[in-house]
S.K.: 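One structure is given below, represented as structure tokens, and several questions about it will come after.
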Amino acid sequence: MLTFIVRRLLNYAVMLFVAVSGTYFLASSFLSPRSNYLARRPVPPEHSIDLSLNEANINDKTPLVTRYVHWLGDVLHGNFGLTPDLAPINGELPHRILLSTELLALSTVLAVIIGVGLGVYTAIRQYKLSDRLSNGFTVLIMCIPAPVLYLFVVLGGIRFNEATGHRWLYVTGLGDSSVQGFFPSLVDYLQHIALPTIGLTLIGYTAYHLTQRTYLLDTLNEDYVRTARAKGVRHHVAIRRHALRTSLIPTAMGVAWSIAAMFTGAVFAENQFGINGIGKYFIDALGKNDINGVVAAAGFAGVCTCAGLLLADVVVALLDPRIRIS
């Protein structure tokens with residue numbers, strides 16, 4: 001298993017290097033930090049603009065390969081560069097990543113548990129009332145655009161506060177810095193994180209529910225499952241030991257691929273709930289022609305993808321003995 005993990009790590013390291021390098025070349029080709037200075041009134045002298053762009057290593061007059069080599073050397077030393085306004089990215093990125101992690105960690109775990117659990121439950125009870133109702137609700141949630149769903153969650157939280165006569169749920173931010181003490185801070189954090197977690201969990205669980213239901217139904221019709229049932233193995237034992245284990249393999253890969261999408265695709269939730277996470281940072285960096293910021297955010301998404309894929313490889317290897325043998 002250790003050799004398998006090391007081999008995968010090396011493969012993903014090469015993939016990450018190629019992906020991030022390609023992102024740097026694309027961002028440098030299409031974004032124009034110089035236009036930020038040219039849009040100012042009065043327009044700064046060209047010499048002053050060049051000095052600022054050179055300091056940030058984003059001057060379009062410098063050969064792209066030269067800028068890339070300089071940028072790569074800085075990244076290998078843990079320095080992701082400067083924004084067009086000469087603000088250090090290292091001072092902003094960790095805070096944004098932490099906010100997105102706080103926002104998405106709990107909702108991701110809940111989405112996987114609820115989605116997979118509901119998929120197994122409905123597959124076992126195919127075409128029964130519970131199956132039809134849960135599938136109908138899941139399809140309805142999938143048809144609602146994410147910003148609209150988040151708005152419904154916010155309105156529901158406001159109505160709940162009004163009905164109880166107390167502000168139990170907050171709709172913006174992830175906490176109040178003025179709150180002191182461990183338990184008061186924990187309660188305040190839970191009050192702020194509740195609505196974003198509900199919204200993101202509703203968005204995330206739907207795909208896991210329907211895919212897990214489909215995979216398990218396909219597996220239940222396999223010959224080895226029917227053979228186990230014919231030998232007298234109880235229905236729930238055959239599902240748990242044979243069908244479920246096999247059907248979880250593609251689901252594990254799906255979870256891995258969704259990790260990066262959750263971090264970078266939660267921009268709607270971050271905007272709706274007033275959270276300055278990495279997804280919002282990526283969109284803002286694009287609008288500000290921030291080459292280094294865009295590449296840093298994309299690199300973080302790549303790291304998340306590789307980490308998710310490595311985790312999926314380990315889970316799949318544990319679920320499928322054929323991979324361990326090979």
Side-chain angles (χ1 to χ4, degrees), residues 9 12-13 15-33 36 52-59 64 67-108 172-175 177 189 192-193 196 200 256-311:
L9 274 174
Y12 293 145
M15 291 169 53
L16 181 63
F17 174 77
V18 173
V20 175
S21 297
T23 303
Y24 182 86
F25 284 112
L26 286 174
S28 299
S29 300
F30 289 98
L31 299 181
S32 176
N36 294 6
S52 298
L53 294 178
N54 284 333
E55 186 173 354
N57 190 38
I58 50 177
N59 192 343
L64 180 55
R67 283 184 281 154
Y68 170 74
V69 172
H70 185 265
W71 168 84
L72 184 61
D74 288 342
V75 169
L76 292 177
H77 289 86
N79 179 17
F80 290 95
L82 303 174
T83 67
D85 296 329
L86 303 183
I89 293 176
N90 283 20
E92 185 74 15
L93 201 62
H95 176 65
R96 299 294 190 108
I97 292 174
L98 179 60
L99 289 177
S100 290
T101 303
E102 292 180 11
L103 175 65
L104 293 166
L106 180 59
S107 61
T108 301
T172 58
L174 285 179
S177 59
Y189 172 74
H192 282 83
I193 199 67
L200 288 167
W257 283 109
S258 67
I259 291 178
M262 285 183 177
F263 271 97
T264 57
V267 62
F268 292 123
E270 292 174 355
N271 283 324
Q272 186 73 53
F273 296 103
I275 300 170
N276 294 319
I278 190 66
K280 190 173 185 300
Y281 178 80
F282 179 74
I283 300 300
D284 292 342
L286 283 173
K288 297 176 182 178
N289 293 302
D290 184 0
I291 295 174
N292 294 328
V294 168
V295 178
F300 173 72
V303 171
C304 291
T305 302
C306 292
L309 288 173
L310 181 62
L311 179 62

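In this chain, residues are counted from 1 in sequence order. Values reported hereafter were calculated over all heavy atoms of this structure, with side chains retained and with hydrogens, waters and symmetry mates removed.
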S.K.: Looking at residues at least two apart in the chain, or sitting in another chain, which of them share a side-chain hydrogen bond (donor to acceptor under 3.5 Å, both in side chains) with Asn90?
M.R.: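 Asn90: no side-chain hydrogen bond (donor to acceptor under 3.5 Å, both in side chains) contacts found.
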
S.K.: Look up atom CZ in Phe300 and atom OG in Ser100, then write down how far apart they are to the nearest 0.5 Å.
M.R.: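 Result: 7.0 Å between the selected atoms.
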
S.K.: Do the side chains of Leu64 and Ser29 get nearer than 4.5 Å, heavy atoms only?
M.R.: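 The answer is yes, as the side chains (C-beta and beyond) meet within the 4.5 Å cut-off.
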
S.K.: List the residues meeting side chain to side chain contact (heavy atoms under 4.5 Å, CB included) with Ile283, not counting sequence neighbours, and say none if there are none.
M.R.: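 Here the qualifying residues are Val267.
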
S.K.: Under 3.5 Å, side chain of His95 to main-chain N/O of Gly91, donor-acceptor pair present?
M.R.: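 No, because the side chain of His95 does not come within donor-acceptor range (under 3.5 Å) of the backbone of Gly91.
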
S.K.: Report the distance from atom CD1 of Ile58 to atom OG1 of Thr83, rounding to the nearest 0.5 Å.
M.R.: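 If we round to the nearest 0.5 Å, Ile58:CD1 and Thr83:OG1 are 7.5 Å apart.
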
S.K.: Suppose the criterion is salt bridge (charged side-chain N to carboxylate O under 4.0 Å, His left out): which pairs have a residue in residues 71-87, not counting sequence neighbours?
M.R.: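 Listed once each, the pairs are Arg40-Asp85.
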
S.K.: So does Phe30 have more than 12 non-hydrogen atoms from other groups sitting under 6.0 Å from CZ?
M.R.: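 Counting other residues, nucleotides and ligands, CZ of Phe30 stays at 12 neighbours or fewer.
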
S.K.: Which atom pair, heavy atoms only, marks the closest approach of Ala297 to Phe282?
M.R.: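 Heavy-atom minimum between the residues: CB-CD1, 3.6 Å.
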
S.K.: Is any side-chain heavy atom of Leu310 closer than 4.5 Å to a side-chain heavy atom of Tyr12?
M.R.: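 Yes, close enough: below the 4.5 Å cut-off.
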
S.K.: Sequence neighbours excluded, which residues qualify as ring pair (Phe, Tyr, Trp, His ring centres under 6.0 Å) partners of Tyr24?
M.R.: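 Scan of Tyr24 (ring pair (Phe, Tyr, Trp, His ring centres under 6.0 Å), adjacent residues dropped) gives Tyr68, Trp71.
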
S.K.: List for me each residue that meets side chain to side chain contact (heavy atoms under 4.5 Å, CB included) alongside Leu174, sequence neighbours excluded, and say none if there are none.
M.R.: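 With sequence neighbours excluded, Leu174 shows a side chain to side chain contact (heavy atoms under 4.5 Å, CB included) to Leu99, Glu102, Ile193, Ile275, given in chain and number order.
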
S.K.: What is the distance from atom OG of Ser107 to atom CG of Leu104, rounded to the nearest 0.5 Å?
M.R.: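 Those atoms lie 5.0 Å apart.
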
S.K.: Can you see which heavy atom on Asn57 is nearest to which on Arg67, and at what distance?
M.R.: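 Here Asn57 and Arg67 meet closest at ND2-O, 3.0 Å.
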
S.K.: On a heavy-atom basis, which atom in Ala27 and which in Val294 lie closest, and how many Å separate them?
M.R.: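 Taking every non-hydrogen atom into account, CB-CG1, 4.4 Å.
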
S.K.: Name all residues meeting the side-chain hydrogen bond (donor to acceptor under 3.5 Å, both in side chains) criterion together with Glu92; count only those two or more places apart in sequence or in a different chain, and write none if there are none.
M.R.: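 Expected list: Arg96.
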
S.K.: How long is the straight-line distance from CE of Met15 back to OG1 of Thr305, given to the nearest 0.5 Å?
M.R.: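 Separation between the atoms: 8.5 Å.
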
S.K.: Please list, chain by chain and in numerical order, all residues satisfying side chain to side chain contact (heavy atoms under 4.5 Å, CB included) with Leu86, sequence neighbours excluded.
M.R.: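 Leu86 satisfies side chain to side chain contact (heavy atoms under 4.5 Å, CB included) with Ser52, Glu55, Ala56, Leu82 only.
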
S.K.: Using every non-hydrogen atom in the two residues, find where Gly302 and Leu16 come nearest and quote the distance to one decimal.
M.R.: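 Heavy atoms of Gly302 and Leu16 come nearest at C-CD1, 3.5 Å.
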
S.K.: Show every salt bridge (charged side-chain N to carboxylate O under 4.0 Å, His left out) that has at least one partner inside residues 284-307, sequence neighbours left out.
M.R.: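 Qualifying pairs: Lys280-Asp284.
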
S.K.: Please report the closest heavy-atom contact between Gly293 and Ala285, naming both atoms and the distance.
M.R.: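 Heavy atoms only, the tightest pair is C-CB, 4.1 Å.
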
S.K.: Could I get the full list of side chain to side chain contact (heavy atoms under 4.5 Å, CB included) partners for Ser32, not counting sequence neighbours?
M.R.: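 Side chain to side chain contact (heavy atoms under 4.5 Å, CB included) check on Ser32 returns Arg34, Ser35.
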
S.K.: Rounded to the nearest 0.5 Å, how far apart are CD1 of Ile291 and OG1 of Thr23?
M.R.: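 Output value for this atom pair is 12.5 Å.
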
S.K.: Atom CG of Leu26 and atom OG of Ser21: how far apart are they, to the nearest 0.5 Å?
M.R.: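 Between atom CG of Leu26 and atom OG of Ser21 there are 11.0 Å.
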
